Amino acid sequence: MQVLSHAPPAAQNLPPAESVVAAKRANDMLHEAVRAHPTRFAGFAALPTPDPKASVEELERAVVKLGFKGAMVHGLTHGAFIDEKRFWPIFERAQALDVPIYLHPAIIHPKVFELYFKDYPQMKPRARGASPWRRPPRRCA
């Protein structure tokens, strides 16, 4: 069994109205993939976090109607941290539905990066992912 989800930033950095449409469309498409292989796949919903009220509604729809197992959130929403009070209803609904919200690491907020790494000028924020370290490419033997 694999739990499928959407790639970052999913619908999180679109304008609110667009994020609602994109999240619903993405979740409907993911539902079709899960429905085609129900013993192989399950789904985590994309949430339109720029509109927290719509996120609550989409989480409910995704879990109750589409059978998803929870949702995934990718780091920041327009620079806002997901633990801000305006996002609390999303977590309250997840708790009521007894499903997880997977908080996927994402690009570090510039102010956090500056604070944490100010004494390490060799560190640079990466374009993708949360790690500021550069790793040498792996070579196959």
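We count residues from 1, following the sequence as given. Every value quoted in this text rests on a predicted model; they were computed, and no experiment measured them.
- Taking each heavy atom of Ser55 and Pro48 in turn, the nearest pair found is OG-O, 2.8 Å.
- Closest heavy-atom contact between Ala54 and Val20: CB-CG2, 3.5 Å.
- There is a path of hydrophobic side-chain contacts, each under 4.5 Å, that joins Leu59 to Val64.
- When the side chains of ILVMFWY residues are joined at heavy-atom separations under 4.5 Å, either directly or via intervening members, Val63 and Ile90 end up in a single hydrophobic cluster.
- Within the structure, the salt bridge (Lys or Arg N to Asp or Glu O under 4.0 Å) test picks out no pair touching residues 98-118 (sequence neighbours left out).
- In this view, Tyr102 and His104 satisfy the ring-ring contact (aromatic ring centres under 6.0 Å, His included) rule, not counting sequence neighbours.
- By the side chain to side chain contact (heavy atoms under 4.5 Å, CB included) test, Ala26 pairs with His6, sequence neighbours left out.
- Among residue pairs with one or both ends in residues 60-77, those qualifying as side-chain hydrogen bond (donor to acceptor under 3.5 Å, both in side chains) are Gln12-Thr77, Asp28-Arg61, Thr49-Thr77, Glu58-Arg61, Glu60-Arg93; sequence neighbours excluded.
- For residues 23-64, every residue pair satisfying the ring-ring contact (aromatic ring centres under 6.0 Å, His included) rule, not counting sequence neighbours, is listed here: His37-Phe41.
- The cluster map of Ile, Leu, Val, Met, Phe, Trp and Tyr, joined by side-chain heavy atoms under 4.5 Å apart, puts Phe68 and Leu97 in different clusters.
- Considering CD1 of Ile101 and CD1 of Ile82, their distance stands at 8.0 Å, rounded to 0.5 Å.
- Side chains of Leu47 and Val56 form no contact here, defined as non-hydrogen atoms less than 4.5 Å apart.
- The backbone N or O of Ala45 lies less than 3.5 Å from no partner atom in the side chain of Asn27, so there is not a single donor-acceptor pair.
- Here the closest heavy-atom approach between residue Ala46 and residue Ala10 is recorded as CB-CB, 4.2 Å.
- For the side chain to side chain contact (heavy atoms under 4.5 Å, CB included) test, residues two or more places apart in sequence or in another chain that qualify with Ala80 are Glu84, Arg86, Phe87.
- Under the 4.5 Å side-chain heavy-atom criterion for grouping Ile, Leu, Val, Met, Phe, Trp and Tyr, Met72 is not connected to Met29 through any hydrophobic cluster.
- Partners of Glu18 under the side chain to side chain contact (heavy atoms under 4.5 Å, CB included) rule, at least two apart in sequence or in another chain, are Leu14, Pro15.
- Residues that satisfy the side chain to side chain contact (heavy atoms under 4.5 Å, CB included) test with Pro16, not counting sequence neighbours, are Pro50, Asp51.
- Side-chain contact check for Leu66 versus Val34: every heavy-atom pair is 4.5 Å or farther apart.
- Listed by first then second residue, pairs satisfying salt bridge (Lys or Arg N to Asp or Glu O under 4.0 Å) with a partner in residues 33-47 read Glu32-Arg35, not counting sequence neighbours.
- Remark: Glu57 engages Lys53 in a salt bridge (charged side-chain N to carboxylate O under 4.0 Å, His left out) (not counting sequence neighbours).
- No more than 12 heavy atoms of other residues, nucleotides or ligands lie within 6.0 Å of CD in Gln95, so this atom counts as exposed by the packing criterion.
- In terms of the ring-ring contact (aromatic ring centres under 6.0 Å, His included) criterion, Tyr116 has no residue partners (sequence neighbours excluded).
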